Structure formats: C-alpha cells, structure tokens
S.K.: 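The structure is given below, and queries will be raised subsequently.
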Amino acid sequence: MSIIETEAALHEAHRDNHTHRDVNGGWLRPAVFGAMDGLVSNLALMTGVAGGAVSQQTIVITGLAGLAAGAFSMAAGEYTSVASQRELVEAELAVERRELRKHPVDEMEELAALYVARGVEPALAREVAMQLSKDPEQALEIHAREELGIDPDDLPSPLVAALSSFGAFALGALLPVLPYLLGASALWPAVLLALVGLFACGALVAKVTARGWWFSGLRQLALGGTAAAVTYGLGALIGAAV
C-alpha cells in the first residue's frame, strides 16, 4: 500500500473514532436537573409533611400534588428560559446578518483580524477571510462562531428542553411516592428508594462527565439526604407547635 493510501486510511479511522457527544442539544441539562430536583424536592416535601405526624393519605396526596405541580413548573420554566435565550441569539444573528449586508468589507477585515489575533499571518488571514466571506450564510455562521460563540444550526429547542424537564422531574418525583402506591404504610421505604434513586442519578451523570461515579453518586445522596432530614425536623417542630 502506498504512503498516500496509508495516510488516507489512518485519517479515515481517526475520523470514525474521534467523535464527541452532543453538548448543545438542550436535553441533558434540563433532564438531569429535572430528575434531581424531582427526587430532592418531593422527598423533602413528603418527609416534611410526614414529620408533622399526618395521615398516610395526606402524605400520598402531598407527594402526587408535588409531582404534578413541580413537573409543570419545571417544564414551563425551561420552555420560557430556552425560548428567551434562543430569541436573544436570533436577534443577535439578525444584527450580524444586517452588518454583513451593509458593511461586507468591514466585516471581512474584522474576521481577518480575529485570525491574526490567533496567530495566523496577516496576508493569509485576509485571504482566508476573503474566501469565507464569498458565501453570505457561511460568513454569518463563521462570525457567529467567532464573535458570539454559538452555532446557528445547533440552537437548543425550547420544546425538547420542556419535555425533557417535565418527564425527568415526574420520574424523579415518583420514586418517593411509589412505595406508598404499592402498599407501604411507613415512611422509611419511600426514603430508602429515593436515596437509592439519588445515588443512581448521581452515578449516571458521571457517565457523561469526567467525575467518578461513586463521587457523583455519594454527593447527590448526601445533598438529598440532608434536605430530607432538615425538612423532616422542621415538620416535626411545626407539627408539635400547631
């Protein structure tokens, strides 16, 4: 096999193996945050109510109400947040598109200056900027990446964010309620299942980050357990005082 063919084969193999995960799709953050928030908030809500020595029925209703209210609130918040962010980006892109149309030479020089600042020789930087600026849409994409740090073709979806957040919160919030729905009459099975879920969520998050699964799991377990313990104590104090 010739040297050129060997290098081409190596390049092809590198391209196939060198891939990255989607970090801008708009689903991971709301899904993770939603699941964690659902677990912690509903567990804390139910333990706080249980600390006041109320009936089992009241605890179950509280858990289900917390699930529904939290899931809709998270979805609405995520949709509004991501939609507002997207609208802001689109407004900035419109400004950049207008500048490219009105002042193409100035924008080309600006792009060349960016490349020079990164170490490219001035003549080469200007030639590259001139070539890239021939296509208005390509020029817009490059200016958006260089100046705004965004990819116009990969903006997060408000609907994806909202649905991810809603489903993840509902799933997380369901765990503390599930033992009661299956016939449990004490609080400890709900707490145990929720704590296991917190550790599992933390460990799962570590699969898409650089943290160890045990560290991430224990961290989330400690945070959720502390929240549940504090709210249970507050519920007991308030229940005794009322």
Side-chain angles (χ1 to χ4, degrees), residues 1-36 74-75 77-165 168 204-213 215-216:
M1 183 181 293
S2 67
I3 295 177
I4 295 177
E5 290 174 338
T6 301
E7 291 180 348
L10 290 173
H11 175 73
E12 189 74 20
H14 174 75
R15 187 185 64 185
D16 291 340
N17 293 325
H18 190 75
T19 57
H20 294 282
R21 291 167 293 196
D22 177 19
V23 296
N24 294 316
W27 66 269
L28 180 60
R29 184 188 66 84
V32 171
F33 181 67
M36 297 295 189
M74 285 287 293
E78 281 295 332
Y79 186 91
T80 302
S81 174
V82 175
S84 299
Q85 179 187 8
R86 187 182 180 108
E87 289 163 2
L88 175 61
V89 170
E90 289 173 345
E92 291 300 314
L93 288 175
V95 171
E96 192 64 36
R97 185 179 285 108
R98 185 166 59 250
E99 289 299 312
L100 284 168
R101 186 175 63 252
K102 290 183 176 180
H103 310 287
V105 176
D106 291 340
E107 290 296 311
M108 185 190 70
E109 294 293 344
E110 183 179 304
L111 186 60
L114 286 172
Y115 290 139
V116 171
R118 294 188 177 185
V120 181
E121 294 182 359
L124 179 58
R126 196 170 190 282
E127 179 64 26
V128 171
M130 187 180 302
Q131 291 290 329
L132 294 176
S133 299
K134 289 181 178 180
D135 182 351
E137 288 304 312
Q138 179 177 254
L140 175 64
E141 180 179 340
I142 294 170
H143 278 273
R145 289 177 184 272
E146 297 293 339
E147 297 178 29
L148 304 176
I150 59 171
D151 183 353
D153 297 324
D154 192 25
L155 299 181
S157 167
L159 184 60
V160 170
L163 292 177
S164 299
S165 182
L204 184 61
V205 170
K207 291 294 184 180
V208 293
T209 65
R211 283 288 189 180
W213 63 270
F215 175 85
S216 185

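As the structure is a computational prediction, the values presented were derived from the model and not from experiment.
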S.K.: CG/D151 to CD/E141 distance, rounded to the nearest 0.5 angstrom?
M.R.: 5.5 Å
S.K.: Mind listing the closest non-hydrogen atom pair of P122 and V116 along with its distance?
M.R.: CA-CG2, 3.7 Å
S.K.: Of all the heavy-atom pairs spanning Y79 and A162, show the shortest one and how long it is.
M.R.: CB-CB, 3.8 Å
S.K.: Tell me, please, which residues at least two apart from R97 pass side chain to side chain donor-acceptor pair (under 3.5 Å).
M.R.: none
S.K.: Not counting sequence neighbours, which residues clear side chain to side chain contact (heavy atoms under 4.5 Å, CB included) with I142? List them please.
M.R.: L111, Y115, L132, Q138, E146
S.K.: Return the set of residues passing side chain to side chain donor-acceptor pair (under 3.5 Å) with R86 (not counting sequence neighbours), or none when no residue passes.
M.R.: E90
S.K.: Ignoring hydrogens and angles, tell me if any N or O in the side chain of S84 forms a donor-acceptor pair with the backbone of T80 under 3.5 Å.
M.R.: yes
S.K.: Taking side chain to side chain donor-acceptor pair (under 3.5 Å) as the test, write out the residues that go with Q85, two or more places apart.
M.R.: none
S.K.: Could you walk me through whether L100 and H143 satisfy the side chain to side chain contact (heavy atoms under 4.5 Å, CB included) test, starting with their C-alpha distance in whole Å, then the side-chain angles of each, then the deciding distance to 0.1 Å, before giving a yes or no?
M.R.: CA-CA 9 Å; L100 284 168; H143 278 273; 3.8 Å; yes
S.K.: Heavy atoms, side chains only, cut-off 4.5 Å: are V120 and V128 in contact?
M.R.: no
S.K.: Walk me through it: do R126 and E109 pass the test side chain to side chain contact (heavy atoms under 4.5 Å, CB included)?
M.R.: CA-CA 7 Å; R126 196 170 190 282; E109 294 293 344; 2.8 Å; yes
S.K.: Excluding sequence neighbours, so at least two apart, what forms side chain to side chain donor-acceptor pair (under 3.5 Å) with E87?
M.R.: none
S.K.: Determine yes or no for a side-chain-to-main-chain donor-acceptor pair under 3.5 angstrom, with S164 supplying the side chain and V160 the backbone.
M.R.: yes
S.K.: Say whether, by atom type as modelled, one donor and one acceptor occur between the side chain of S133 and the main chain of A129 under 3.5 angstrom.
M.R.: yes
S.K.: Side chain to side chain contact (heavy atoms under 4.5 Å, CB included) with L159: which residues, sequence neighbours excluded?
M.R.: S157, L163
S.K.: On a heavy-atom basis, which atom in S165 and which in A75 lie closest, and how many Å separate them?
M.R.: OG-N, 4.1 Å
